[in-house]
Structures are given as structure tokens and as C-alpha cells.
Amino acid sequence: MEADAIIIGAGACGLMCAVQAGYLGKRVILLEKNDQPGAKILISGGGRCNYTNTYATDEQFISENKHFVKSAFTQWTVADTISFFETYGIDGKEKTLGQLFPDGKNAKDVVSVFTSICEDFGQQLICNADVSDIEILTDGFTIKYEKGGKSRTITAPKLVIATGGLPIPKMGATDFALRFARKHGLKIVETVPALVPLTITGKDEEWYAQLSGNSVFCEVSNDRIAFEENILFTHWGLSGPAILQISSYWKRGEVFNIDLLPHQDITALIDAERQQSGKTLLSTLFNRFYAKKFTDAMGKYLPVEKQVASLTKSELELIEETIHRFKVKPAGDKGYDKAEVMRGGIATDELSSKTLECKKVPGLYFGGECVDVTGWLGGYNFQWAWASGFVIAQNL
């Protein structure tokens, strides 16, 4: 055998697994399809890399088994992630809502931490390695891969598949893990784009398009969950943090609500304005909270050019309903090209929650995004990648 384990995929999970295996004196070979490791790390957070979230618990993850991540998160905590990076000169700076970014450094520095530790431990990283076949042996695995037009073969007693999900195909994302799992009879939870912008078509398309570039702080909700962050109007629909978050909980055909003025009561604000000056136009009141372009666009639905004193009871009800329960029925989403992650993946009941070893194929492990574990926006998915990489390494 040429190593203690072969890891396919040098993304967040695969890199952490290789490093942690090194600490335990285990030798691994990392196979990466791209020409450099950490492709998704490098583009995350606009190249700044939101590498964890101080609030991360099992509560911010979607999975058919919502308890599955608890064991991994007990073994590798947010505090472990923070101290790991601090040890290698990366201190966290909180941006908003617990999101930690490298202070004064960027995503390249995060990847460098892993590549330099791998080098120190003598872990072998092979880039431009396109795996073409995996043979399951009685005592391990034989991996066939292509590099530079040549076919090569390596064997090891353990195999880790950490090839990520389907988002961002132009960065080399594939369904490799899912295809391999299916071939060996493992259950797959249906996969769909998550943390993804939503599209609007039909009669409302033009209204959204004319607001392109406008950002509004809102509460976006459905009957399952609510998120308070900015939404961004685009020429094809809606984006921004709050929309990306709700997209993970949205199914085609569903409607969700947007509260365009959270923590305020538009009816009370109109009443207070009437006491001050009934001649104030509704648009003037709106302009205190929204960009003029947005106020003007609301004229399609509301009597924005009316004085507050002359608003009728039915108009007030319409204003209240529109501002606090603005209904949106997206046509679809922008697909894997624009999605940050994928929802669904290899069913968690195929894996041990304590070790992430495949129950049907001893010595085979799956970690990171290819598993049916999807986190919120804001560093949560990285926390799962680091934790799953750590857990697998302990069991190689």
C-alpha cells in the first residue's frame, strides 16, 4: 500500500483531513482535479474567505437527519477552528452575524496554511489528477487517475471522498461523489441548488428589473423559517443574503413573505405623521426608509402620491399588507452556476455520524458538501467541512 489513505478532493474537507491525518502520523495522498487546491475556498467571501461562524450549532443545518452533525460538531467545535487558524497566524475578524473573516489576510492565506502543513508532514498533493476508476478490494482501494495524458494507479487501505457538490461547474464541480455512491447502492437525497438567487418572470418581471441594484433590509419568511438581512433587486429577480438564506428552504411553486420594514409598524408611523402634518405625502414618509427609486416603484401597488391624512381605511390596510407581507412567488432559481452550495447529497443514514465511514463499504468515508448536510450562508458550510475532515482523519 502506498499510503494510509487516499483523499479525492483537495477542498476544505479534504485539506483539513490531510492535515489532521498528518498530526496523527498518517500518510495520505490527495488527488485534486483542478490545477490548485482549495478552489472554492479561494473564491469564498469575494476572495476573503468567511471561514466559520461563531454561532454555528446543529440548528443552522438542513439535512433529512438534523441530528447527524451533532457528533462531528462535538468533536471539532467552532473554538477548535478559531484556535487552529490562530496557531497559523490567521486571526478572525467578525463582519456581521458571527461571520469570521481572516483579519488582514485573505482566502489565499487560508489555503496556504493547509498546503504548508501538508508539505511539513510529507503529505502528497497531486493536482490535475482526474480519477477515472475506483476498485474496491478486500483490504482497501485501487484508484486509477489520469494526469498529463498518462494513466496512473495507486492503492491504500482507506479512501476519503471529499469532492464537493454540484455548484459552480466552471470551477470543476462534478457529481463524482454522487455517481460513485449510487453505483454502490447508497441512497441519495435529491439534490437542488441552495443559497442561490431566485428568478422572477411574467407580469412582475419588469417591476423587479427596474429596481435592479436596490438593496433593502428586510425580514424574509415562510411557514418554516425567517431571516433578517438585506435583499437585492436584480434585473432577473432577487438576490442578497436574505434571499440566499430563504432559497435553501424554498421549493418551486411556493410563495414567501417579505417584511419591507421589520421592527416598525407602518400604520403606527402613518398615524404619528398624521398628528404632525396630515399634508405629508406617503412618498415623503417612505423616502425616510427607502431609496427614492424604490418609493417610486411602490407607486405601482400603493397610493404614494396621496397625503397621509386622506388615506382611506382600505388603503391603510393595503399599505400594511404590502409593506409587512409583500408576497413573492419566484419562477425558479439561477441554478448551480450561481448557487453557493447544494442541498441534499449522500443520505446520512448511509454513514456513521461518529466517524463518517460508509456502513456498506468499510474503509470508505464521505465528508463535506457531497453529504446531505447544508448550512446557512455565513461560514457555516466551512465549519461542517473542517469538522467532517477532522472526524474522518481520526478514523483513518
Verify, without hydrogens or angle tests, whether [X] (side chain) and [Y] (backbone) share a donor-acceptor contact under 3.5 angstrom.
| X | Y | answer |
| --- | --- | --- |
| Ser283 | Glu305 | no |
| Glu219 | Pro262 | no |
| Glu86 | Asp91 | no |
| Asn257 | His324 | no |
| Lys338 | Pro193 | no |
| Asp80 | Ser83 | no |
| Ser247 | Leu195 | yes |
| Gln276 | Ala272 | no |
| Asn50 | Gly379 | yes |
| Lys95 | Gly378 | no |

Discussion item. Whether Glu190 and Arg343 form a salt bridge (side-chain N of Lys/Arg under 4.0 Å from carboxylate O of Asp/Glu) is what I want to check.
Written reply: no
Discussion item. One thing to verify: whether Lys187 and Asp372 come together as a salt bridge, which I'm taking to mean a side-chain N less than 4.0 angstrom from a carboxylate O.
Written reply: no
Discussion item. side-chain contact (heavy atoms from CB on, under 4.5 Å) for Ile43 and Ile168? Distances and angles first, verdict last.
Written reply: CA-CA 11 Å; Ile43 64 153; Ile168 326 180; 3.6 Å; yes
Exceeds 12 heavy-atom contacts within 6.0 angstrom, atom [atom1] of [X]:
| X | atom1 | value |
| --- | --- | --- |
| Lys108 | NZ | no |
| Glu119 | CD | no |
| Lys292 | NZ | no |

Worksheet item: Passes side-chain contact (heavy atoms from CB on, under 4.5 Å), Gln124 versus Glu2? Steps please.
Response: CA-CA 11 Å; Gln124 195 180 352; Glu2 296 171 52; over 6 Å; no
Per the salt bridge (Lys or Arg N to Asp or Glu O under 4.0 Å) rule, what does the pair list look like for [range], sequence neighbours excluded?
| range | result |
| --- | --- |
| residues 360-370 | Lys40-Glu369, Glu350-Lys360 |
| residues 16-37 | none |
| residues 248-276 | Arg224-Glu254, Asp271-Arg274, Glu273-Arg288 |
| residues 130-154 | none |

Worksheet item: Which is it for Ile323 and Met298 under the side-chain contact (heavy atoms from CB on, under 4.5 Å) test, yes or no, and what are the steps along the way?
Response: CA-CA 9 Å; Ile323 294 299; Met298 290 307 285; 4.1 Å; yes
Discussion item. Check the orientation of Trp207 and Phe233. Use parallel for under 30°, tilted for 30 to 60°, and perpendicular for over 60°.
Written reply: perpendicular
Taking atom types as modelled, find out whether [X] and [Y] have a side-chain donor-acceptor pair closer than 3.5 angstrom.
| X | Y | result |
| --- | --- | --- |
| Ser71 | Gln75 | yes |
| Ser112 | Asp109 | no |
| Thr52 | Gln383 | yes |
| Gln60 | Thr57 | yes |

Practice prompt. List the atom of Ile231, the atom of Val220, and the distance in Å for their closest heavy-atom pair.
Written response: CG2-CG2, 3.7 Å
Worksheet item: Can you name the closest pair of heavy atoms from Gly368 and Ser388 and give their distance?
Response: N-OG, 3.1 Å
[X] side, atom [atom1]; [Y] side, atom [atom2] - distance, nearest 0.5 Å:
| X | Y | atom1 | atom2 | answer |
| --- | --- | --- | --- | --- |
| Thr199 | Asp333 | OG1 | CG | 6.5 Å |
| Lys105 | Tyr51 | NZ | OH | 11.0 Å |
| Leu261 | Phe217 | CG | CZ | 10.5 Å |
| Thr115 | Asp120 | OG1 | CG | 9.5 Å |
| Asn287 | Leu282 | CG | CG | 9.5 Å |
| Leu186 | Cys358 | CG | SG | 4.5 Å |

Item to complete: Can you tell me which residue pairs pass the ring pair (Phe, Tyr, Trp, His ring centres under 6.0 Å) test with a partner in residues 128-182, sequence neighbours excluded?
Response: Phe180-His184
State, with a plain yes or no, whether a side-chain heavy atom of [X] is found less than 4.5 Å away from one of [Y].
| X | Y | value |
| --- | --- | --- |
| Val328 | Ile200 | yes |
| Leu159 | Ile8 | yes |
| Asn395 | Ile392 | no |
| Val373 | Thr348 | yes |

Response to the item:
Sorted by chain and number, sequence neighbours left out, ring pair (Phe, Tyr, Trp, His ring centres under 6.0 Å) with His235 holds for none
Would you confirm whether the ring centroid of [Y] sits within less than 6.0 angstrom of the ring centroid of [X]?
| X | Y | result |
| --- | --- | --- |
| Tyr301 | Phe326 | yes |
| Phe382 | Trp386 | yes |
| Tyr88 | Phe114 | no |
| Tyr55 | Tyr380 | no |

Worksheet item: Under the salt bridge (charged side-chain N to carboxylate O under 4.0 Å, His left out) criterion, do Lys300 and Asp204 qualify, and how do the steps go?
Response: CA-CA 11 Å; Lys300 177 179 173 180; Asp204 295 323; 3.7 Å; yes
Worksheet entry | Phe256 vs Tyr249, ring-ring contact (aromatic ring centres under 6.0 Å, His included): CA-CA, chis, key distance, verdict | CA-CA 10 Å; Phe256 59 81; Tyr249 294 85; over 10 Å; no
Practice prompt. Kindly determine whether Phe73 and Phe61 satisfy ring-ring contact (aromatic ring centres under 6.0 Å, His included), including the steps that lead there.
Written response: CA-CA 12 Å; Phe73 286 165; Phe61 290 81; 5.1 Å; yes
Discussion item. Using the side chain to side chain contact (heavy atoms under 4.5 Å, CB included) definition, which of the options Val113, Ile41, Ile117 pairs with Leu15?
Written reply: Ile41
Discussion item. Test of understanding: clusters of I, L, V, M, F, W, Y form through side-chain heavy atoms closer than 4.5 Å, transitively. Do Leu244 and Trp250 belong to the same one?
Written reply: no
Fill in: side-chain contact (heavy atoms from CB on, under 4.5 Å) assessment of Tyr365 paired with Leu396
CA-CA 9 Å; Tyr365 300 80; Leu396 292 179; 3.9 Å; yes
Practice prompt. With ring-ring contact (aromatic ring centres under 6.0 Å, His included) as the test, would you mind laying out the steps for Phe227 and Trp376 before giving the verdict?
Written response: CA-CA 10 Å; Phe227 293 99; Trp376 289 2; 4.9 Å; yes
